[in-house]
Protein chains: 2
Amino acid sequence: MLTESKQGSADIAALMNDLGTRARAAASPLSIASPEIKNAALEAMAKALTRNEAAILEANREDMARGEEAGLSPALLDRLKLDPARIAGMAEGIRAIAALKDPVGDVIAAWGRPNGLEIERVRTPLGVIGVIYESRPNVTADAGALCLKAGNAVILRGGSDSARSSAAIHACLVEGLEKAGLPADAIQRVPVTDRAAVGEMLKGLGGNVDVIVPRGGRSLVERVQSDARVPVFSHLEGICHLYLDRSADTDMAVSIAVNAKMRRTGICGAAETLLVDREAADRILLPVLSALEEAGCAIRGDEDVCARFPSATPATEEDWATEYLDAIISVKLVDGVDEAIRHIGAWSSHHTEAIVAEDAEAVERFFNEIDSAILLHNASTQFADGGEFGMGAEIGIATGKMHARGPVGVEQLTSFKYRVRGSGQTRP
Amino acid sequence: MLTESKQGSADIAALMNDLGTRARAAASPLSIASPEIKNAALEAMAKALTRNEAAILEANREDMARGEEAGLSPALLDRLKLDPARIAGMAEGIRAIAALKDPVGDVIAAWGRPNGLEIERVRTPLGVIGVIYESRPNVTADAGALCLKAGNAVILRGGSDSARSSAAIHACLVEGLEKAGLPADAIQRVPVTDRAAVGEMLKGLGGNVDVIVPRGGRSLVERVQSDARVPVFSHLEGICHLYLDRSADTDMAVSIAVNAKMRRTGICGAAETLLVDREAADRILLPVLSALEEAGCAIRGDEDVCARFPSATPATEEDWATEYLDAIISVKLVDGVDEAIRHIGAWSSHHTEAIVAEDAEAVERFFNEIDSAILLHNASTQFADGGEFGMGAEIGIATGKMHARGPVGVEQLTSFKYRVRGSGQTRP
């Protein structure tokens, strides 16, 4: 399990391709496993995590010690660290995934044809998912469980910092699979830390990886997006906008702005740019910016904003393109929903945008004309999350437009096929 | 329009990237065009095709003359040839696309959350589609109209053989766009015949092509699948199977087998391999093979089949992997639905498979355990077609599992986004 070694690149390629072949072989029985068997495996995984708490914590102490030695930042060390509460949280998370509706076999659409053929479109697993992540060991449990629920085999490639913790968690997942009679190869972990292993995954392991999900920082996602030869579900950044229309309620504008920016500044759904309708600036701008400032947020404004709010510092064009992930917001006055839509079209990362307005027409234009994964009316951008959408767990948020978009949960990890029932029909 | 020239590769790259930039710019107004405006454009296109019949036929005569000179095969020349009936057919086809339900804005799913948020998933256009095709000039009209209906801009790259015909048809499409006030760049045609232009499209024109659809023979699809750096909707081949279960009705087995193989042998949904349940061989095999032979089909059988049907020639392993697209069928006796599923899993191209059976359990296993785009019960494999599915026109059939699978019609040329309506909600 813990054979973390440096190997030659030919060895790595062979090892990775073997992982791929085994994942593909496991995907087949998994794709027809009943909901009961998959859920039994998930329950056994949750139990194994609790039972093996001591071993997981011991592995995590080793990772932490090496991380401290290697000079990891306190933020990275915090992501890496496990404690009994976090392990219990992983087990809970797996049980929550088990409780989701099984998507496989779900009839998405059904219709009849004049010749008597009855057509159904039903959900099927996607096949083999590759997940590439960094220091959070809990992704091992979340991603493994989510892929299993959707009937997919998964190849997990965690960061080297968390290798021991991930291996200990992975052992619990495999135990769950085996207890339920499912193939152990359904959830595999890349047992080497060489970067070349990631390169092999991005090439698709000879057609044996159907989609890659990167979980981590910008440099990881950038590498995956640029090098992957298979589809990728990801977002590079969340440059999310909040637009306050002339028709906005002032109190609502204030509370949504503060929440969208400041609830958690480090998540992809945090607002980064505030657009305020020039017509409403006199009424709305000062209370909103004062509340943001009071909450600890730095304001970077365009010329008009700086003129009206002296503690704002001037925004440059770069600010409109920046995901701060910090207590900073760029603010611009715009000429109504028109200019808001234009600004968002030019600068958005197509993740999440929100409008505060009472005018239904402005909302409809905002909803229709902006091409982002998630649009919200009178609600905070921080709701951009699979759990908040009621999807249960998510493996990430996608800003691409192919297959998955927005939160990627169990449904988005499926494909579909057509079942056609006849009574002897031949085609004229 | 007819500047068919050979250019330097830097020129080609610049020209193609310009096409991409213009397509992306056109996609934005197109994505919010109303159904009425898009349909007005389609109607104007259909009228322009009829009105410009003489010019299109003249351009086609030039293509035909050059094709004959270049020694194109009679089959290719037939695909290339236009006549008044085929032009009328194109206009009809465009009107049929106009009559389809507009997919853009369609609410696919809607649900509420305990906090009062109302969430909708609505269809949006994909963006910019690249279509790469060969000698059939009618693809220009079909693909252009279908992409427009789904709100997408399209870049059409037809074969050099049909360049003049396609240019004349394309002029009618542009006329329709302009009459309806839509951007002419919404349907662009690559004006050069250099193969390098295809290479540029496959690279994605700097992020300005969202998906490529190849329409043509195996070598084209192979090149696109191997070289494209953007998603591709395609199938390389249709190695479709027909399985006759022990519970099959004999007459139905005969009529479906003859139709699945012989109605048209050159389409991707034609059956290529017949699997017959050994238990039913005495009853079913002879009538089915006799009927196929009588219809002009050559039989390539495994050992058992050859022993029972002397005019069959021995099949080699290669036959199980061959898409004949001809009046030839490979035939194998199998031990029930179990071995049928295993054989299909090993040899299928995941396009279309059919079972003839009265036993519901055998049907359910066939439907659940086979991972192909289309599965049929008691119906011919030749129904694998967007029109037969009631989708209207299709741009092709996809065997991949990402985004589109099976017939690719207007719905499959869309993505989606989320619209969330609140009343001031902030995230705790």
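Counting heavy-atom pairs under 4.5 Å between each of B/Val230, B/Val104, B/Thr124, B/Leu126 and chain A puts B/Leu126 at the top. Between chain B and the residues A/Gly105, A/Ala379, A/Gly345, the largest count of heavy-atom pairs under 4.5 Å involves A/Ala379. Ranked by heavy-atom pairs under 4.5 Å with chain B, the first of A/Pro428, A/Ala373, A/Ser380 is A/Ala373. When each of B/Arg264, B/His377, B/Gln425 is scored by its heavy-atom pairs under 4.5 Å with chain A, the top score falls to B/Gln425.
Of the two parts of B/Asp385, only the side chain, counted from C-beta on, holds a non-hydrogen atom closer than 4.5 Å to a non-hydrogen atom of chain A. Looking at B/Ile374, both its backbone and its side chain come within 4.5 Å of chain A, counting heavy atoms on both sides. When heavy atoms are compared at a cutoff of 4.5 Å, B/Asp249 does not approach chain A at all. If you measure heavy-atom distances from A/Arg263 to chain B, the contacts under 4.5 Å come from the side chain alone. Of the atoms belonging to B/Arg113, it is side-chain heavy atoms, and not backbone ones, that fall under 4.5 Å from chain A. The contact between B/Val211 and chain A is made entirely by side chain atoms (from C-beta outward), counting heavy-atom distances below 4.5 Å. If you measure heavy-atom distances from B/Ile108 to chain A, you find no contacts under 4.5 Å at all. In this structure, the portion of B/Ile32 lying under 4.5 Å from any heavy atom of chain A is its side chain and not its backbone. Of the two parts of B/Asp210, only the backbone, made up of N, CA, C and O, holds a non-hydrogen atom closer than 4.5 Å to a non-hydrogen atom of chain A. With a threshold of 4.5 angstrom between heavy atoms, B/Ser372 approaches chain A through N, CA, C or O but not through any side-chain atom. In this structure, chain A has a heavy atom under 4.5 Å from the backbone of B/Ser226, while its side chain stays farther away. Heavy atoms closer than 4.5 Å to chain A are found nowhere in B/Ala384, neither backbone nor side chain. Residue B/Ile256 touches chain A through both its backbone and its side chain, counting heavy-atom pairs closer than 4.5 Å. Contact of B/Pro114 with chain A is not made at all, since no heavy-atom distance falls under 4.5 Å. Heavy-atom distances place the backbone of B/Ser423, and not its side chain, under 4.5 Å from chain A.
Looking at B/Phe366 and B/Ile344, their side chains come closer than 4.5 Å, going by heavy atoms from C-beta outward. Looking at heavy atoms from C-beta onward, B/Phe383 lies out of side-chain contact with B/Thr352 at the 4.5 angstrom threshold. Using a 4.5 Å heavy-atom threshold, the side chains of A/Ile397 and A/Cys268 count as touching.
When all heavy atoms of B/Arg365 and B/Ile341 are compared, the closest pair comes out as O-CD1, 3.7 Å. Counting all heavy atoms, side chain and backbone alike, A/Gln382 lies closest to A/Met262 at NE2-N, 4.5 Å.
B/Ser247 and B/Asp359 share no side-chain donor-acceptor pair at under 3.5 Å. In this model, a donor atom of one side chain and an acceptor atom of the other lie less than 3.5 Å apart for A/Ser348 and A/Glu353.
A distance-only check finds a donor-acceptor pair linking the side chain of A/Asn378 to the backbone of A/Ala357 [under 3.5 Å].
Annotation: residues 403-417 of chain B contacts chain A through B/His403, B/Ala404, B/Arg405, B/Gly406, B/Pro407, B/Glu411, B/Gln412, B/Ser415, B/Phe416, B/Lys417 [non-hydrogen atoms, separation under 4.5 Å].
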Requested in this report: Start with the C-alpha distance between A/Arg421 and A/Glu120, add both sets of side-chain angles, then the distance that settles salt bridge (charged side-chain N to carboxylate O under 4.0 Å, His left out), and finish with yes or no.
Outcome: CA-CA 9 Å; A/Arg421 292 169 207 273; A/Glu120 290 177 333; 3.8 Å; yes
